[in-house]
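Whatever order the structure lists them in is the order used to number ligands and atoms, beginning at 1. Values in this document were obtained by computation on a predicted structure and should not be read as measured data.
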Amino acid sequence: MKLIAAMSGGVDSAVAAARAVEAGHDVIGVHLALSSNPQKYRSGARGCCTIEDSHDARRAADVIGIPFYIWDMAEEFHDGVVEDFLAEYAAGRTPNPCLRCNEKIKFAAVLDRARAMGFDGVVTGHYARTQISDSGKTLHRAVDHSKDQSYVLSVLTVEQIEGAIFPLGDTTKVDIRKEAEARGLAVAQKPDSHDICFVPSGDNAGWLRDRLGSEVGPIVDQDGVKIGEHKGAYTYTIGQRKGLGLTVPTADGSPRFVLKIEPVSNTVVVGAREDLAVSTMRGERAVWCGPAVTDKPQRGFVQVRAHGAALPCSYFFDGTLLTAHLDEPLLGLATGQAMVLYDGDRVVGSATICETE
Ligand SMILES: Nc1ncnc2c1ncn2[C@@H]1O[C@H](COP(=O)(O)OP(=O)(O)OP(=O)(O)O)[C@@H](O)[C@H]1O
């Protein structure tokens, strides 16, 4: 096959590209420049698509012996990922930008351009697997569950999965680093990227305040009584306990947790730990990675955090919203996160959580 290897400059995508070449594919390496002005999003933070990362990617392509190009996708990334991230926070939700990047950039803009140029698909260093079955090519968890990235790939349609090649899904990270050493790749011990690539590490709240403002507003209890003040409602997360600065303690001294963020009234609602319990969630923007879910309730598992557990549930889709009823309630679930359905290790599909109860 003719393939584009998406090379971030990290160890995973370098080994993925090398494996694709070794498997007999005709491969070219492509590094995506995702920010036209890295300092605009990041001040000194390590993340994807710094100049050094593009140099690392180019050096890896040289060692592997494949042609290498840089594609400027800064505008697509800004419009599809950064703007969505800001809009979701402004609406009081907690988005997952890696998932949007897979949906809109790596397996949309990049895959579309690759196909238009006569390529068959895109190779990435994601930890996930695909399998060919009677119902076509399906998406599965990686063997190394601690590195599994199927959650952030759950937005891929059947057609996008067709064009996705994940050569690392059956290997552990430890073995990938050893393999990179053996292949003479200089990035073998390069640290993993963490956090959100366009936000300075550990300063999500400050980054959001700079862009969405820091209008002071009330923190209220569930009866609407003001018990504190916040500096930017969207810098809080559902389930947050620390840093609330409440002025009125509870009668028994028990802690309070963020229950709800209401952007229109610029209010943060707090309450007791048990009030965080969620038994039912509904999601919009549903995507199926295989056969579509129907309105007939089915048993399965739902995962609501990138590295969270898969929780037993029953679920159905009414044509607009995906609903999942958990067997056991879960504490603290933020809207804006993905609810990803699994059948064993196969990804069924996902939706963006818009309601919880
Ligand atoms: N700027 C980029 N240019 C090209 N491909 C990219 C870029 N950023 C990420 N990718 C692709 O998406 C995959 C997953 O991205 P993620 O940010 O999770 O990287 P990672 O797991 O740290 O992998 P790596 O070690 O290759 O950086 C990468 O392995 C790579 O194939």
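Residues that satisfy the ring pair (Phe, Tyr, Trp, His ring centres under 6.0 Å) test with Trp288, not counting sequence neighbours, are Phe317.
Those atoms of ligand 1 with a heavy atom of Gln149 less than 4.0 angstrom away are 18 (O), 21 (O). Near Thr124, the atoms of ligand 1 lying under 4.0 angstrom from a non-hydrogen atom of the residue are 31 (O). The atoms of ligand 1 that sit less than 4.0 Å from any heavy atom of Val30 are 4 (C).
Heavy-atom separations between Asp192 and ligand 1 are all 4.0 Å or longer.
Ligand 1 has no N or O atom lying under 3.5 Å from any N or O atom of Leu34, backbone or side chain. In terms of N/O distances under 3.5 Å, ligand 1 is approached by Gly125. Not one N or O of Val123 is nearer than 3.5 Å to an N or O of ligand 1, by distance alone.
Counted by atom type alone, Glu181 and Gln189 present one or more donor-acceptor pairs between their side chains at under 3.5 Å. Between the side chains of Thr237 and Thr94, no donor-acceptor pair of N or O atoms lies under 3.5 Å.
The list of salt bridge (charged side-chain N to carboxylate O under 4.0 Å, His left out) pairs with a residue in residues 291-317, not counting sequence neighbours, reads Arg299-Asp327.
The distance from the CD1 atom of Ile161 to the CZ atom of Phe166 is 7.5 Å, given to the nearest 0.5 Å.
When the heavy atoms of Ile176, Ile4, Asp12 are ranked by distance to atom 25 (O) of ligand 1, first place goes to Asp12.
Taking all atoms of both residues into account, the shortest heavy-atom contact from Tyr342 to Tyr151 is OH-N, 3.4 Å.
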